[in-house]
Amino acid sequence: MMITIGTWNVENLFSQGEFAPTSPAAYAAKLDGIAAAIRDQQVTVAGLQEVGDQQALDDLLTRLGPGWSGDLSTFPDTRGIRVALISALPVTLTVNVVDFPSELAPLQADDTGAVTTRMGRGALRGHIHTTSGPLDVVVCHLKSKLITYPGGRFQPTDEGQRARYSAYALYRRAAEATTVRGFADTLLGGDGEQRNLIVLGDLNDEPRAATTQILQGPGGSELGTPGAARPDQGDAWRLFNLAPLLPEGQRATRIFRGRGELIDHLLISRALVGAVESVATVSPTPLPSITEAAGQRRNQTASDHAMVIAHLDLTV
């Protein structure tokens with residue numbers, strides 16, 4: 001069975017509210033563009049980030065047509081965005097993931113001393129049935145590198161404040177990666193050579209970043225290295241990032257202040273490595289160069305992220 005799996009930060013998909021398009025026409029155009037891209041790429045299952053409300057997800061599913069279903073995380077962030085899982089295949093179970101592992105102490109969140117014990121945006125797991133067997137998909141959206149300072153400011157009062165709030169963001173992103181990694185461990189159960197698992201989403205950092213490496217699990221044998229084709233003991237738990245399989249020229253999913261960044265990722269268990277036919281990034285329009293101010297793009301119909309897709313032959 002061939003399937004196409006995708007991850008896409010669709011950028012502020014709200015049906016109403018502060019970040020929603022200001023006209024019905026702009027909202028419809030945004031939905032139409034997302035649906036058209038998913039259909040054009042013949043995506044079978046996709047994890048979406050920055051879905052704002054149930055109505056927006058329902059409107060997208062209507063445009064995708066019969067056979068499509070979806071679930072929305074019940075844990076949005078303070079802006080109201082959350083992850084969603086949509087599928088043209090049957091999904092029999094979804095599970096929200098939000099609380100940090102009990103072993104992690106509460107994290108300092110800001111200069112007031114406030115602490116947090118859960119992900120800013122909950123992850124979502126879907127158990128999907130294919131003709132080739134079960135497939136687990138975990139969708140996540142880790143803490144952004146775009147920092148908001150007290151009072152909603154995008155600039156710090158001084159460099160000390162910049163450093164502290166960058167650290168708070170990094171603490172949270174690392175804890176969130178650890179939370180998703182721990183949940184993946186539960187799903188793998190030390191049997192990654194046999195269990196089909198995909199962890200995907202906007203990880204808000206590059207492939208070699210420490211937080212991305214946390215999600216990969218045991219080091220060694222990464223795709224693109226000499227050891228990739230040689231199974232080892234780490235394969236029982238390892239997740240393989242498909243980023244090295246992207247063609248040259250497609251290794252950016254967002255452009256921030258003129259610099260391309262690969263921050264959206266697909267990671268798979270060893271059982272699926274041999275099934276990968278191809279990997280690509282797709283954007284219906286050229287990616288814009290963005291800044292920290294998310295609200296300024298509310299009437300833009302195209303996302304500021306590219307979609308990452310992988311074609312898998314599950315009969316392999």
#### Entry: Cationic N near anionic O, under 4.0 Å, Arg63 to Asp32
yes
### Message
Less than 4.0 angstrom from a charged side-chain N to a carboxylate O is my criterion; do Arg82 and Asp77 meet it?
### Response
no
### Task
Step by step, work out the side-chain contact (heavy atoms from CB on, under 4.5 Å) result for Arg238 and Asp232.
CA-CA 10 Å; Arg238 185 175 289 123; Asp232 62 35; 2.9 Å; yes
### Message
The test is side-chain contact (heavy atoms from CB on, under 4.5 Å); show your working for Leu200 and Leu267 and say whether it passes.
### Response
CA-CA 6 Å; Leu200 55 80; Leu267 299 97; over 6 Å; no
### Criterion side-chain contact (heavy atoms from CB on, under 4.5 Å) on Phe100 and Thr178, from CA distance to verdict
CA-CA 8 Å; Phe100 295 161; Thr178 301; over 6 Å; no
### Query
Atom OG1 of Thr211 and atom CD of Gln213: how far apart are they, to the nearest 0.5 Å?
9.0 Å
### Task
Compute whether any side-chain donor of one residue and acceptor of the other, for Gln108 and Tyr168, lie under 3.5 angstrom apart.
yes
### Message
Please say yes or no: joined through hydrophobic side-chain contacts below 4.5 Å, possibly via intermediate residues, are Ile34 and Leu287 part of one cluster?
### Response
no
### Shared hydrophobic cluster, Val137 / Trp68 (ILVMFWY, side-chain heavy atoms < 4.5 Å)
no
### Query
Does the pair Asp111/Arg164 count as a salt bridge with the N-to-O cut at 4.0 Å?
yes
### Task
Given side-chain contact (heavy atoms from CB on, under 4.5 Å), test Gln216 with Trp237 step by step and report yes or no.
CA-CA 9 Å; Gln216 291 185 189; Trp237 302 100; over 6 Å; no
### Query
For Tyr149, does the OH atom have more than 12 heavy-atom neighbours from other residues, nucleotides or ligands under 6.0 Å away?
yes
### Query
Should Glu176 and Lys143 count as an ion pair when the cut-off is N to O under 4.0 Å?
no
### Message
To the nearest 0.5 Å, what is the distance between CG on Leu223 and CZ on Phe240?
### Response
6.5 Å
#### Entry: Hydrophobic cluster membership, Leu60 vs Val10, 4.5 Å side-chain cutoff
yes
### Query
Which distance, rounded to the nearest 0.5 Å, do you find between the OG1 of Thr212 and the CD1 of Ile263?
9.5 Å
### Query
Is Glu50 salt-bridged to Arg79, going by a charged N under 4.0 Å from an acidic O?
yes
### Task
With rounding to the nearest 0.5 Å, note down the distance linking CG in Leu48 to OG in Ser73.
12.5 Å
### Query
Is Asp158 salt-bridged to Arg162, going by a charged N under 4.0 Å from an acidic O?
no
#### Entry: Ion pair Asp304/Arg254, N-O distance below 4.0 Å
no
### Query
Under the criterion side chain to side chain contact (heavy atoms under 4.5 Å, CB included), which of Ile128, Leu135, Ile86 is the partner of Val91?
Ile128
